[in-house]
Amino acid sequence: MDIGSDDEPASGQPVGFKIAKITSAEVTPTAETACESTGCCSSSSESSTCSGDSASATSIADNVTEKSQDKSATHSTTMSWQVGGMDCPSCASKLEKAITGLDGVISAKVMFATEKLVVNCESDSMAAQIINKTKETGFTLLTTKKGEEEAPKSLLKENLPVIFIAIMMLVSFVLSKQSETLGLAAFTATTILGLIPILRKAVVMAKSGSPFSIETLMSVAAIGALYLGETAEAAMVLLLFLIGEQLEGYASAKARSGVKALMALVPEEATVIRPDGTKVKVGADELKQGDVIEVAPGGRLPADVVLLDSAASFDESALTGESVPVDRLAGEQVMAGALVADKVVRLKVTSAQGENAIDRILHLIEDAESRKAPLERFVDRFSRWYTPAMIVLAALVVVIPPMLFGQAWDEWLYKGLTLLLIACPCALVISIPAAITSGLAAATRRGALIKGGAALEELGHIQTIAFDKTGTLTQGKPVMTDIVSWDGDEDKLLRQSAAVEMGSAHPLAKAVINAAEARGLTIAEAEQREALAGRGIQGITEGDLLVLAAADRMPQGVVLTSVQTEQAHQLESEGKTLVVAIRNGQAVGLIAWRDNLREDSAKAVKALKAMGIHSVMLTGDNPRAAAAIAKEIDIDFSAGLLPEDKVKEVELANQKARVAMVGDGINDAPAMKTASIGIAMGGGTDVALETADAALTHNRISELPMMIALSKATLANIRQNVCLALGLKGVFLITTLFGFTGLWVAVLADSGATALVTLNALRLLKFKSND
C-alpha cells in the first residue's frame, strides 16, 4: 500500500548479509580493488579451488601489489586454505608478500582473524608451488573442508624450542662454572643450534621481499655477539626472542578466540529427511536449499532455516546475547548456530552453501581486515622507512666513533648490534592491529558488526547521528490502532478496506487484514485493485468503489468537513499514520496505524546526548506524526522527506560535523553512503546492510552508544600502545648509547613491548560501557 510516504516499515527479514557472487573469470584486480573468494567449492588433496558461480566473493581494498596492475586476470583461479602457525598480523603480512612474489600469482590475501589464505592466480596447477612457498616461509596450509583441521599441538610440543634452548642454557651455565672453555663452547653451540631455524627463515623472508624482518635483525645480532665473544649473551638473546614469540602467539590466539567460537557454532553433520520419509546423516557442507532436516533438543542448526513445525523454542544466545530462549512459529526464520531448546523439530534449509548467517558474518570479518584505519595505514607507511633508517643509524653508531674519535671497534659494534634489535618495529606494527582486532571482536560480542578499522576509528569522531524513523527508531511492525466510521458501520468499512488490501505485502495492508480477521469478518478480495502512485490504493468490493488515500492526497473533489479534519489532525498528532476511506466519491471514515517505538530508542538517544552527540530523526512521514514520535524520545526531526531529501539533509549536516546515518531500508542507502559512516539495522534490507559500514545485528538501538564508546576506548588503547612501543624504544636507545644496557635487555625490551601492547589491546575484549 502506498500512502505517499517513502518511509516503509522494515521487511522483517532475518539478520543476514548477502555476499555478491562472481565467477573466477570475472575477477579483474586493479590497484584499488581485488576480488577474492570467500569459500571453497572443490578440493584436491591439498588445495581448494572455486569455480563458476559457486565462488562467493567480496571486494577487498588495498590488496594488490604493483605487479598485479600489469597482469590480466581474464582466466584466473581462486584458491583458499586455512593457515597454521600464524602468531601475529605481521606473520600474515610476511606470508602475503611471499606468495604475491610468485610468478603467476595475481593477488594474495591473508586474513589473520580467520586464519585463511586466498590466492588469485593464473592456474590451479600453482597449488603445489604455493604450498611449498608457504612451508618455506614457516607456515602450514590445510584445506578449508570441515574436519580437515590442524591437529592441536600438545603444550610440550608447542613449547619445545623454548624448553630445548632453556635446558641448553642451563647446561652451558653449569659447564661455565666448571671450565670457562667448556662454557664458551656450550654457549656457542646453544646459539648456533637456536639460530639455524631463525637464520633459515630470515633468508626466505629476504628472498620474499622482507629483508628487514625480526628474524634478520635477530640473526645479525646473534652472529655479531658470537664474533665479539659474548656467547652467553647471544644465547640469552635467542631464548628471550623465542619466549617473546610464544607470548605473542598466545595473545594473538586469545584475540582470535571469538572468531573461532563463531566458526564452531555450525555442526559438521545434519539429519536430512528424504521425500520418502527416510532419514540420513550428511555433512553440513552437503546441505542444499530446500532440504528438510531434523534437529534434536540440544543440537545446533547447520544452516539458516524456516520452521516447519507449529512452534518451537531456540536458544540464540551465542548469536544475539539474549539468554532467554526465543519462541518461533511455523514459517519463521531461524539463523544457523541457534540451539534447539525444547523438542525435536523439522526445518527447511533456506541458505545456500557458504551463505548462512555465520558464514556471512565471517565473510564480513575477513573483509573488515582489509579496511585499515587511517592510523593503521600511517603506521604501515612509517614502519617501511623506520627500520631501514634505524639500520643506517646503527651502522653510523658502529663506524663513526671508532673512525672519527679513535674509540674501540668492539665496544661500538656491540652498541650498534643492540640498537639493531631495539630498531625492530614489531611492537609498533602490532600495536594498532591488535587494538582494532580486539575492538572489532568486542563489538561483535555485543551485537554490533563493524566493517573494519576505518569504520571503528570513524565512529570515535562522530558528532551527529541521523536516524531513519520506521524500522530504526520504531519497530517497523505497524498495528491498526483506530477505525473511524462516519456512516456508523465500522465492520463494513473494515471489511471493505481489508478486501482492497488483500494480496498486498505492505505492513500497513497486513495490519488492516489482521484487524479484520481478529473481528471474525469474512473477507473477499476486491476486484480491479489498483495502486495509486503516491496517493493510495483502490478497488471494487461489494459493488462499491473504495479508495484508501493519504489525507493530504485525496482525489479531486473530495473535501473533509471541519469536524472530520479535526479528527484526522488529532490522530496524526498522536504519531499515527492514517488514510481516508472514500466510498463512491464520498469520504466515509479514517483508518489509523501506529508503528510503536523500540523499547530502547529513548534510552539510546539519551545516552548519546550524555556523550555530547546530537541526534536527529529523518523521516518521510507527515510532520505531525513525526513531531509526536520525536517528542516522546526528545529528538530533533525533519519530516516529509524523500530519499534524495535525506541525502541533502546529511550533506548539509556533514558540512558542520561528522555524521553517522542509521537506517534499515533501501531508501536509506543513499543517505548512509553520503554520511561519514553508515550504520544499518541487522533486520533491514540487504541493500542497506551492504551499503553500511557497520550493522546492529541484534536490532538494538541501545548498542549504538556502546559502539561509539568502544571506538573511543579503542582509539585511546591505540594511543597507549604507540606511546608504549615508541617510549620503550626511546628509553633503551638512550641507555644503549650511554652503555647502560646490552643485547639481552634490547631483546627483552622488544619482546616485552610486543607482549605488553598485545595484552593491553586484549583488555578491549572485556570492554564495558557505562550505558
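Worth knowing before you read on, the calculation uses all heavy atoms, side chains too, and leaves out hydrogens, waters and symmetry mates.
Of all non-hydrogen atoms in Ala284 and Gln353, the two that sit nearest each other are O-NE2, 3.4 Å. Nearest heavy atoms, Pro267 versus Arg300: CG-O, 3.3 Å. Nearest heavy-atom pair across Asn717 and Ala435 is OD1-CB, 3.6 Å. Minimum heavy-atom separation, Met126 to Asp103: CE-O, 3.0 Å. Across every non-hydrogen atom of Glu458 and Ser676, the tightest pair is OE2-CB, 3.6 Å. Listed here is the closest heavy atom pair of Ser438 and Leu764: CB-CB, 3.9 Å.
In this structure, NZ on Lys201 lies 9.5 Å from CD1 on Ile198, to the nearest 0.5 angstrom. Between the CG atom in Leu456 and the OG atom in Ser711 there is a gap of 4.5 Å [rounded to 0.5 Å]. In this structure, OG1 on Thr78 lies 4.0 Å from CG on Asn120, to the nearest 0.5 angstrom. Atom CG in Leu756 sits 9.0 Å away from atom CG in Asn721 (nearest 0.5 Å).
With a 4.5 Å cut-off on side-chain heavy atoms, Gln82 and Leu141 do not count as touching. For the pair Ser107 and Thr100, the minimum side-chain heavy-atom distance is 4.5 Å or more. Residues Trp81 and Val118 are not in side-chain contact: their nearest non-hydrogen atoms beyond the backbone lie 4.5 Å or more apart. Counting heavy atoms from C-beta on, the side chains of Leu715 and Glu457 come closer than 4.5 Å. Side-chain contact between Val392 and Leu396 is present, with at least one heavy-atom pair separated by less than 4.5 Å. You'll find the side chain of Leu102 reaches within 4.5 Å of the side chain of Lys133, heavy atoms only. Two residues are said to be in side-chain contact when any heavy atoms from C-beta on lie closer than 4.5 Å; Ser80 and Val119 fail this criterion. At a threshold of 4.5 Å between non-hydrogen side-chain atoms, the residues Thr134 and Ile99 count as touching.
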Worksheet item: Between Leu117 and Ile130, is a side-chain contact (heavy atoms from CB on, under 4.5 Å) present by the stated rule, with each step listed?
Response: CA-CA 10 Å; Leu117 165 66; Ile130 292 168; 4.2 Å; yes
Worksheet entry | Cys121/Met79 under side-chain contact (heavy atoms from CB on, under 4.5 Å): CA gap, chis, key distance, verdict | CA-CA 8 Å; Cys121 55; Met79 298 182 284; 3.3 Å; yes
Practice prompt. Could you go through the side-chain contact (heavy atoms from CB on, under 4.5 Å) check for Ile223 and Leu195 one step at a time?
Written response: CA-CA 9 Å; Ile223 292 169; Leu195 187 58; 3.8 Å; yes
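A distance-only check finds no donor-acceptor pair linking the side chain of Glu269 to the backbone of Val282 [under 3.5 Å]. Using modelled atom types, one side-chain atom of Asp291 and one backbone atom of Lys288 make a donor-acceptor pair closer than 3.5 Å.
Not counting sequence neighbours, Thr674 has no partner by the side chain to side chain donor-acceptor pair (under 3.5 Å) test. In terms of the side chain to side chain contact (heavy atoms under 4.5 Å, CB included) criterion, residue partners of Ala394 (sequence neighbours excluded) are, by chain and number, Leu419, Leu420. For Thr350, the side chain to side chain contact (heavy atoms under 4.5 Å, CB included) partners at least two apart in sequence or on another chain are Asp304, Val306, Gln333.
With Leu459 as the partner, the side-chain contact (heavy atoms from CB on, under 4.5 Å) test is satisfied by one option alone out of Asp693, Leu710, Ile679: Ile679.
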